[in-house]
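Notes to accompany the following structure.
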Amino acid sequence: MKLPSNKDTIYAQAHEAVGAFQFDESVVAVFPDMISRSVPGYQTILTGIGELTKLHAKPDTRLYDLGCSLGAATLTMLRATDDISGCSIFALDNSQAMINRAQEYLHAFHHDTPVELHCADICEFEIKNASVVVINFTLQFIDPQAREALLKRIYEGLVPGGVLILSEKIHFDDEALQKSIEHMHWQFKRANGYSELEISQKRSSLENVLISDSEQEHLQRLKSAGFDSAGIWFQAYNFASFLAIKS
Ligand code: GEK
C-alpha cells in the first residue's frame, strides 16, 4: 500500500543558502513522494520487510520500527502479523511532525495487532522481548559514535532467533566504483523527474546530516554487536538492506 503524498518540490527553486536537512512539516507533506523518487528499491524493501516479518515474527513478542517516519514499514509489519498472536509493534521517530501524520495514517487502517507510536530518540528507547527490529534508512542519521551502542542494545533486546532488518545508503571505498554507482543513483533521480538544481541542493542539505558507512563497516559493526549471521538481502545501486539474525 502506498501512502498518499504531495509532489516533492522542496529544492525546485534556487535557495540563497541551503540549510541542513530537517524532518519538519514541509518534508512530512511530501515524504512518500520524496523517498520513493530518491531511494531505488524502496518499495521492494518494504515488501521484503513484510515477508521477513512473516518469517521471523514470533507470538507474544514485540516488533520495532525505529525511525518510522510516516509508518510505511510499520504498515507492512502490521499486515504481516495478522495471524501471529500476541504481537505488538512499537514505532518510534524523534520528529513530532512525522509522528502526528503517522498517527492519522495508522488510525485509518484496520488492524488487530496493537501499535504504539512514540516521539522518541531511538538511541534511548528500551528494546526488549523483540523478534523483529527494523531500521529502514535511519541509522545513517545517527551520530556515527553512537551507532555501535545502538546495535548492541538491539542485539540484547532480541529473543533468540530474532532479526534486525537494517536498510542504509552505503558508500564504496574504491573511488572509481563510488563515482560510477553514485552516477547511477543520480540517473535514477533524473529519471524520476528531479532537476540538476534539485539534486545538487538536496545533496548540500544532506552533507554532514546523512553520514553513510560502507558495506564492510556495517558488517563489522553487526558482528561486534553480537550478530553471527549478517548479510545483504537486497541492494539497488548504493542502497542496501542487511539482515542480521541472533542465534
Ligand atoms: C520508512 N523508516 O519510510 N531517533 C528517532 N528517529 C530519528 C532519529 C533519532 N535519533 N534521527 C532521525 N530520525 C522510514 C524512513 S527516514 C529516511 C526513515 C530518509 C528519523 C527522522 O525524523 C526521519 O523520520 C527518519 O528517521 C529517517 O521506511 O528520509 O532518508
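In each ligand, atom 1 is the first atom listed, and ligand 1 is the first ligand listed.
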Inset, instruction - Show which atoms of ligand 1 fall inside a sub-4.0 Å distance from at least one heavy-atom site of S95. - result: 22 (O)

Inset, instruction - Would you check if I142 and I135 make a side-chain contact, meaning some heavy-atom pair closer than 4.5 Å? - result: no

Legend entry - Among F21, F137, Y42, closest by any non-hydrogen atom to atom 1 (C) of ligand 1: Y42

Legend entry - Pair E104-N100, side-chain donor/acceptor within less than 3.5 Å: no

Inset, instruction - Under 4.0 Å, heavy atoms only, figure out whether ligand 1 is touched by the backbone of C123, its side chain, both or neither. - result: neither

Inset, instruction - Look at the rings of F125 and Y64 and say which category their plane angle falls in: under 30° parallel, 30 to 60° tilted, over 60° perpendicular. - result: perpendicular

Legend entry - atom 25 (C) of ligand 1: the protein heavy-atom neighbour that sits closest, reported with distance to 0.1 Å: S69 OG, 3.5 Å

Inset, instruction - Pull out every atom of ligand 1 sitting under 4.0 Å from any heavy atom of F31, numbered as shown with elements. - result: 3 (O), 15 (C), 16 (S), 29 (O)

Legend entry - Under-4.0 Å salt bridge between R153 and E126: no

Legend entry - Qualifying residue for side chain to side chain contact (heavy atoms under 4.5 Å, CB included) with V133, from D65, L63, I154, L151: I154

Inset, instruction - List the atom of V209, the atom of S205, and the distance in Å for their closest heavy-atom pair. - result: CG2-O, 3.6 Å

Legend entry - Per-atom contacts of ligand 1 with M98, taking only distances under 4.0 Å to non-hydrogen atoms: 24 (O)

Legend entry - Distance from atom 29 (O) of ligand 1 to nearest protein heavy atom, with residue and atom: F23 CE2, 3.1 Å

Inset, instruction - Please verify whether a non-hydrogen atom of D93 lies at under 4.0 Å from ligand 1. - result: yes

Legend entry - Atom CD of Q22: over 12 foreign heavy atoms under 6.0 Å: no

Inset, instruction - Determine the interplanar angle of the F188 and Y237 rings, folded into 0 to 90°, and report it as parallel if under 30°, tilted if 30 to 60°, perpendicular if over 60°. - result: perpendicular

Legend entry - Proximal atoms of ligand 1 relative to D121 (non-hydrogen, under 4.0 Å): 4 (N), 9 (C), 10 (N)

Inset, instruction - Do me a favour and list the nearest non-hydrogen protein atom to atom 14 (C) of ligand 1 with residue, atom name and distance? - result: G67 O, 3.5 Å

Inset, instruction - Could you tell me if any non-hydrogen atom of A120 lies under 4.0 Å from any atom of ligand 1? - result: yes

Legend entry - Among N94, I142, N136, V134, closest by any non-hydrogen atom to atom 6 (N) of ligand 1: N94

Legend entry - Nearest non-hydrogen protein atom, atom 19 (C) of ligand 1: F141 CE1, 3.7 Å

Inset, instruction - Indicate yes or no: does an N/O atom of I122 lie under 3.5 Å from an N/O atom of ligand 1? - result: yes

Inset, instruction - Drop me the distance from L66's CG to L139's CG, to the nearest 0.5 angstrom. - result: 10.0 Å

